[in-house]
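Residues take their numbers from the sequence shown, with the count starting at 1. All values below were derived from every heavy atom in this structure, side-chain atoms included, with hydrogens, water molecules and symmetry-related copies excluded.
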Amino acid sequence: MSSPLMKPGMVPPPPGEESQTVVLPPGWQSYLSPQGRRYYVNTATNETTWERPSSSSGIPASPGPHRSSLPPTVNGYHTSGTPAHPPETAHMSVRKSTGDSQNLGSSSPSKKQSKENTITINCVTFPHPDTMPEQQLLKPTEWSYCDYFWADKKDSQGNGTVAGFELLLQKQLKGKQMQKEMSEFIRERIKIEEEYAKNLAKLSQNSLAAQEEGSLGEAWAQVKKSLADEAEVHLKFSAKLHSEVEKPLMNFRENFKKDMKKCDHHIADLRKQLASRYAAVEKARKALTERQRDLEMKTQQLEIKLSNKTEEDIKKARRKSTQAGDDLMRCVDLYNQAQSKWFEEMVTTTLELERLEVERVEMIRQHLCQYTQLRHETDMFNQSTVEPVDQLLRKVDPAKDRELWVREHKTGNIRPVDMEI
């Protein structure tokens with residue numbers, strides 16, 4: 001498994017015969033043969049040679065220690081549209097020599113070198129951790145989705161892997177589910193408010209202690225009326241909870257799941273295409289190896305006179321080997337194009353998922369703030385329903401109540417006296 005900081009890139013070039021910048025005369029270009037050997041092309045005359053041209057006279061000279069400025073290569077094949085073919089066979093001897101006359105059909109260490117520089121995980125090519133343990137983040141210090149979900153991760157059962165993008169989709173869908181459950185929670189809260197309001201209104205109509213008189217009776221009647229007022233407050237609270245909290249939570253991104261599936265299918269299709277292109281590369285690489293082996297075998301047979309193969313047979317085998325190299329180069333180019341497309345879509349889509357998650361969290365935060373605001377308002381209105389009760393309770397006067405009652409119900413103020421004899 002690659003480091004989370006590893007992002008895919010083009011398969012890197014293997015180190016060639018020259019690893020420093022090549023200073024060439026005007027009109028000369030430097031390329032790698034399919035076997036990884038460097039050759040030179042005069043773009044004006046189409047002349048090709050194995051030897052590096054002299055910077056002074058344009059005559060080939062022995063190569064020196066220069067750094068390569070060539071475009072990226074894959075297993076020895078450049079992919080920028082530059083000439084892919086090595087010098088014509090007329091410039092070479094069919095037989096090997098101990099010097100620079102190595103023919104194009106011989107095997108090269110480029111595949112091994114490429115594998116040392118890269119690592120392939122589920123058809124995605126990453127820099128090898130030993131050569132590039134970390135890469136520069138696209139959004140440093142932000143812990144962005146676009147930086148940490150390139151590789152695949154083992155599932156919880158350890159039976160397979162889950163793509164990094166799939167983890168992001170799962171988080172998005174989980175967030176949508178959490179949002180739905182929050183909406184259901186508010187719905188239950190609304191039901192409690194509605195039931196509470198209904199019970200308050202019913203209780204306010206109760207006739208218990210309705211015959212209480214005086215200022216205390218007035219205060220008691222206001223207590224019962226405050227219940228009806230409070231019931232109205234809670235009904236309004238439940239209605240606002242529905243329109244300003246529950247409904248927005250439920251309706252936010254109604255097509256979210258559908259959009260996520262569309263996004264998932266798009267990235268999955270690109271990943272499938274990448275896997276198909278990778279399989280084509282491996283097939284082409286195998287074909288090239290077989291062609292190279294065939295060419296080398298025929299060349300050796302000719303050298304030790306074990307076969308009457310003609311040089312024309314060798315040229316035919318060399319052409320097939322070169323064609324196999326061109327096929328591999330084309331497959332690698334298509335693979336890199338597919339990986340680049342997947343890379344671009346991954347960056348774009350993960351940043352969009354990141355934006356959607358921030359938007360979702362902010363939306364929920366705002367509506368929960370609205371919930372608390374409604375609660376504060378409800379508490380304030382509830383307080384206002386009991387203020388008249390407080391005022392009447394402060395005015396309760398037992399003496400005054402007694403006076404009023406006596407005046408209304410008195411039967412006489414003459415007290416009895418003793419009986420006289």
Side-chain angles (χ1 to χ4, degrees), residues 176-252 254 360-421:
K176 179 64 176 178
Q177 179 63 26
M178 295 302 98
Q179 180 180 316
K180 179 182 177 182
E181 292 180 11
M182 289 179 187
S183 178
E184 293 173 352
F185 180 90
I186 298 298
R187 174 70 258 179
E188 293 301 314
R189 181 72 172 88
I190 291 173
K191 290 180 179 179
I192 292 173
E193 287 295 319
E194 291 173 341
E195 186 66 22
Y196 183 54
K198 178 180 177 181
N199 291 334
L200 286 177
K202 181 178 179 181
L203 184 59
S204 69
Q205 301 299 319
N206 194 288
S207 61
L208 292 175
Q211 295 181 359
E212 180 63 51
E213 298 175 335
S215 56
L216 181 60
E218 293 177 7
W220 176 247
Q222 186 61 43
V223 167
K224 295 167 65 176
K225 182 179 183 301
S226 71
L227 295 182
D229 295 338
E230 186 177 356
E232 185 66 22
V233 168
H234 284 276
L235 280 177
K236 290 181 179 180
F237 176 48
S238 64
K240 287 187 176 182
L241 279 181
H242 172 69
S243 62
E244 299 179 22
V245 181
E246 179 205 8
K247 191 174 180 180
L249 284 175
M250 182 63 72
N251 294 339
F252 185 66
E254 290 182 342
R360 182 189 75 89
V361 172
E362 179 60 22
M363 182 277 299
I364 294 176
R365 187 193 69 81
Q366 290 179 358
H367 285 90
L368 292 182
C369 286
Q370 180 64 14
Y371 167 80
T372 59
Q373 178 64 27
L374 291 175
R375 274 294 314 273
H376 291 316
E377 292 178 359
T378 300
D379 292 342
M380 181 181 66
F381 291 143
N382 281 337
Q383 183 63 31
S384 68
T385 63
V386 298
E387 287 177 356
V389 177
D390 289 336
Q391 294 174 3
L392 290 176
L393 287 175
R394 287 193 293 268
K395 294 179 180 179
V396 171
D397 186 347
K400 185 65 175 177
D401 290 346
R402 185 174 63 251
E403 176 186 347
L404 293 175
W405 187 85
V406 169
R407 286 179 178 275
E408 181 178 355
H409 297 92
K410 65 181 180 179
T411 58
N413 59 353
I414 300 176
R415 295 181 296 277
V417 296
D418 293 339
M419 182 183 297
E420 296 182 356
I421 297 176

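Proximity of a side-chain donor or acceptor of W220 to a complementary backbone N or O of E212 within less than 3.5 Å is not detected.
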Sequence neighbours left out, cut at 3.5 Å: what donor-acceptor pairs do the side chains of residues 367-374 make with other protein atoms?
residue	atom	partner	partner atom	Å
H367	ND1	M363	O	2.8
Q370	NE2	E244	OE1	2.3
Y371	OH	R189	NE	3.3
T372	OG1	C369	O	2.7
Q373	NE2	E377	OE2	3.4

Which side-chain N or O atoms in residues 394-401 pair as donor and acceptor under 3.5 Å with protein atoms at least two apart or in another chain?
residue	atom	partner	partner atom	Å
D397	OD1	A399	N	3.1
D397	OD1	K400	N	3.4
D401	OD1	S215	N	2.9
D401	OD1	S215	OG	3.0
D401	OD2	S215	N	3.3
D401	OD2	S215	OG	2.7

Would you mind writing out the side-chain donor-acceptor pairs for residues 414-421 within the sub-3.5 Å range, not counting sequence neighbours?
none

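Across all their heavy atoms, P248 and H242 have their closest contact at CD-O, 4.2 Å. Of all heavy-atom pairs spanning E218 and L392, the tightest one is O-CD1, 3.6 Å. In plain terms, the two heavy atoms of L393 and A219 that are nearest each other are CD2-CB, 3.6 Å.
Between E230 and F381 there is no side-chain heavy-atom pair separated by less than 4.5 Å.
For K236, the side-chain contact (heavy atoms from CB on, under 4.5 Å) partners at least two apart in sequence or on another chain are E232.
Residues in residues 379-388 take part in these side chain to side chain donor-acceptor pair (under 3.5 Å) pairs, two or more places apart or across chains: H234-N382. The ring pair (Phe, Tyr, Trp, His ring centres under 6.0 Å) analysis of residues 383-412, with sequence neighbours excluded, yields the pairs W405-H409.
Atom CG of L200 sits about 12.0 Å away from atom NZ of K202, to the nearest 0.5 Å. Distance check, rounded to the nearest 0.5 Å: CD1 of I364 to CE of M178 gives 10.0 Å. The distance from the CZ atom of R375 to the CZ atom of F237 is 6.0 Å, given to the nearest 0.5 Å. A distance of 11.0 Å separates CG in L235 from NZ in K198, rounded to the nearest 0.5 Å. Once rounded to the nearest 0.5 Å, the distance linking OG of S204 with NZ of K224 reads 8.5 Å. Atom CG of N251 is separated from atom CD of Q179 by 9.5 Å, given to the nearest 0.5 angstrom.
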Do E362 and R365 pass the salt bridge (Lys or Arg N to Asp or Glu O under 4.0 Å) test, and can you show the C-alpha distance, the side-chain angles, and the key distance before you say yes or no? CA-CA 5 Å; E362 179 60 22; R365 187 193 69 81; 2.7 Å; yes
Step-by-step salt bridge (Lys or Arg N to Asp or Glu O under 4.0 Å) determination, E194 to K191: CA-CA 5 Å; E194 291 173 341; K191 290 180 179 179; over 6 Å; no
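Environment of NZ in K176: crowded, with over 12 heavy atoms of neighbouring residues, nucleotides or ligands closer than 6.0 Å.
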